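This report concerns only the one structure given below.
Because the structure is a prediction, the values reported are computed rather than measured. All chains are named by letter (A, B, ...) in the order of the sequence lines, taking the proteins before the strands, and each is independently numbered beginning at 1.
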Protein chains: 2
Amino acid sequence: MIRKPTSKETARKPNMREAILAAAEELFATNGFNAVSVRDIAHAAGANPGSVTYHFKTKDGLLLEIYRRHCGPMNLRRSELLAAARRVRDLQDRLEAIVRAYVVPAFTSGSDLAGGGARFTRLRAVMSAEGNEVARKIIAQTFDDTSHAFIDAIHESLPHIPRTDIVWRSHFLLGALYYSLVTPERVSRLSRGEADGSDAAGAIEQLVQATVAALQAPALDQVAPARRRPVASSKT
Amino acid sequence: MIRKPTSKETARKPNMREAILAAAEELFATNGFNAVSVRDIAHAAGANPGSVTYHFKTKDGLLLEIYRRHCGPMNLRRSELLAAARRVRDLQDRLEAIVRAYVVPAFTSGSDLAGGGARFTRLRAVMSAEGNEVARKIIAQTFDDTSHAFIDAIHESLPHIPRTDIVWRSHFLLGALYYSLVTPERVSRLSRGEADGSDAAGAIEQLVQATVAALQAPALDQVAPARRRPVASSKT
DNA sequence: TGATCTTTTGTACGATAGTACAAATCACAT
DNA sequence: ATGTGATTTGTACTATCGTACAAAAGATCA
């Protein structure tokens, strides 16, 4: 009883389009936007360079479509998990649940294949580092709402911490998350094989625990405002 | 009594060479390696494209020279600060001093101009995200020793925390540090102007406090090993 | 001043980039 | 089977890339 798609529908044979998207995602996430040519993508997808133009018009259009494909599902999942986390009674547990609601979809937002979420998050990290214009616009539009929702939720769990501090610490969380996906092998190397940087579950746990502790740190201006040294010169 | 440089010395007129290095550093750090052309760099430095080839042979050579210029001074400064930090008696203060010894030179390693340290660290962040080969080699060679030294020092201050956890948390520190330099405007935006992401001193304090708290978090396997969930499917 | 070395300029070359477009091919409704 | 619209292919165009290299310009010292 599977409905046959009619010819009026855009994708009669979605395989190639999907293959191009997947290949582009992987290559962009690994090498950056400018280092990857349309020909590279086509070759990796087993397609003709012209097909990329046909499906996505331009290279920017291809990147745009990758974002469109992932942003919705990922933020939806984050919203669901955040709503559930807000209902946790115990404050400590709630904070952890909130952080987890932020982190887990970044690793596993399963809009498609296994590892798709991590791949897309890594892509976002790389685009962010490269200052990609297309990505910058989408991110500010799509993710700031989510970020504010999480910051608000965290603030509710930690009312004694100034919002500014929470913004900074959430920012650090995102940076740590990005970096874990960009260079997981560094963790394996520095731990001399004791830890596997590519293990998503392990990374998530480490990240959640570290972030919860960071968020719970005393407010900055209550710690030692006098300690702030002027940025030191190179002399000791 | 200033010694006149003889013609045997390589740099009779270092201005242009320095200008090219500075321009390349700025452009690479902002836009990534592949997005910036040699002509862009030459134009920004007010030089001729041929001059870049003359001084640095290749584009990779230019990047290499940027690293050579900064790595030494920065790691030297880190070593000095780390040695001083190790002498701090109070364990809590020592831990903070160690983290500060890692973070401060990344923002201010003053091998040259103001902000040079932050610019170079941002460059490293971007090269790391792009998976740049030249950078990868240098980083593994030059920075792993430093990283291990810091991990060891932290471990001495926190002997009850497994080394694996410390590696992860130090990794998060570097990721947060990188990200703070890559997109400082995000902090300003999310805090609605209450915080200035470009303020190095503020970023350092926030980063140090958050990291110290994260490092002091209970060891992972002592927390709730049973809590580890399998990476969830997309279904709620 | 003129010889010599360093640095800068200008130009050019081959490779590859993104994209356009016509022709060929495919899938399906009739 | 055949026509029709969707897709894929092949090719070509222009722009720009990194780099090479000869000539011009600048600096230094006998």
Side-chain angles (χ1 to χ4, degrees), chain A residues 1-25 27-28 30-66 126-127 130 132-135, chain B residues 2-25 27-28 30-66 127 130 132-135:
Chain A
M1 289 300 279
I2 297 173
R3 186 183 64 93
K4 289 181 197 169
T6 74
S7 56
K8 283 293 173 192
E9 289 175 72
T10 51
R12 198 163 12 162
K13 208 187 193 182
N15 307 328
M16 193 50 89
R17 194 185 140 96
E18 291 302 316
I20 292 170
L21 277 172
E25 219 177 283
L27 288 172
F28 285 157
T30 314
N31 305 102
F33 186 75
N34 292 285
V36 177
S37 73
V38 172
R39 286 169 177 82
D40 291 337
I41 296 166
H43 182 260
N48 189 285
S51 283
V52 179
T53 306
Y54 171 73
H55 284 291
F56 308 101
K57 201 63 186 171
T58 68
K59 197 182 173 187
D60 277 356
L62 176 52
L63 181 62
L64 204 70
E65 182 57 27
I66 292 175
V126 176
M127 295 302 120
E130 284 188 320
N132 184 286
E133 267 307 309
V134 177
Chain B
I2 297 173
R3 186 184 64 93
K4 289 181 195 169
T6 74
S7 56
K8 284 293 171 191
E9 289 175 74
T10 52
R12 199 167 7 167
K13 206 185 194 183
N15 306 330
M16 193 50 90
R17 193 186 142 95
E18 290 303 315
I20 292 170
L21 277 171
E25 216 177 287
L27 288 172
F28 285 158
T30 314
N31 305 102
F33 185 76
N34 291 285
V36 177
S37 72
V38 172
R39 286 168 177 83
D40 290 338
I41 297 166
H43 181 260
N48 189 286
S51 283
V52 179
T53 305
Y54 171 72
H55 284 291
F56 308 100
K57 201 64 188 172
T58 68
K59 198 183 172 188
D60 277 356
L62 176 52
L63 182 62
L64 203 72
E65 181 57 28
I66 293 175
M127 294 303 121
E130 283 188 320
N132 184 286
E133 267 307 310
V134 178

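- If you check the side chains of A:Ser51 and A:Asn48, you find no donor sitting under 3.5 Å from an acceptor.
- Atom P of nucleotide C:dC26 and atom CG of A:Asn15 are separated by 15 Å, given to the nearest angstrom.
- The phosphate of D:dT8 has OP1 or OP2 within less than 4.0 Å of a side-chain N or O from A:His55.
- Residue B:Arg39 contributes atom CZ, which lies 7 Å from atom P of D:dG18 at whole-angstrom precision.
- Taking atom CD on B:Glu18 and atom P on C:dT8, their separation rounds to 12 Å, with Å as the unit.
- Contact annotation: the side chain of A:Asn34 never approaches that of B:Val36 to less than 4.5 Å [non-hydrogen atoms, C-beta and beyond].
- Within residues 30-38 of chain A, no residue has any heavy atom under 4.0 Å from DNA chain D.
- The separation between B:Leu64 atom CG and D:dG18 atom P is 17 Å, rounded to whole Å.
- Distance B:Leu27 CG to D:dG18 P: 12 Å, rounded to the nearest Å.
- Note: A:Lys59 NZ to A:Ile41 CD1 = 6.5 Å, rounded to the nearest 0.5 Å.
- Checked for salt-bridge contact, B:Arg17 and B:Glu65 meet the test: a charged N lies under 4.0 Å from a carboxylate O.
- Taking a 4.0 Å limit (strictly below) on heavy-atom distances, residues 42-52 of chain A does not reach DNA chain C anywhere.
- Comparing atom distances between the A:Lys59 side chain and each of C:dA20, C:dG18, C:dT7 picks out C:dG18 as nearest.
- At whole-Å resolution of the value, CZ in B:Phe56 and P in C:dT7 are 11 Å apart.
- Rounded to 10 degrees, the angle between the two end axes of the helix from C:dT1-D:dA30 to C:dT30-D:dA1 is 0°, with five pairs used at each end.
- Set against C:dA17, D:dA20, C:dT7, the side chain of B:Tyr54 has C:dT7 as its closest nucleotide.
- To the nearest angstrom, P of C:dA17 lies 6 Å from CG of A:Asp40.
- Residues B:Glu133 and B:Asp60 form no side-chain contact, since every pair of their non-hydrogen atoms from C-beta on lies 4.5 Å or further apart.
- Residues B:Phe33 and B:Val134 are not in side-chain contact: their nearest non-hydrogen atoms beyond the backbone lie 4.5 Å or more apart.
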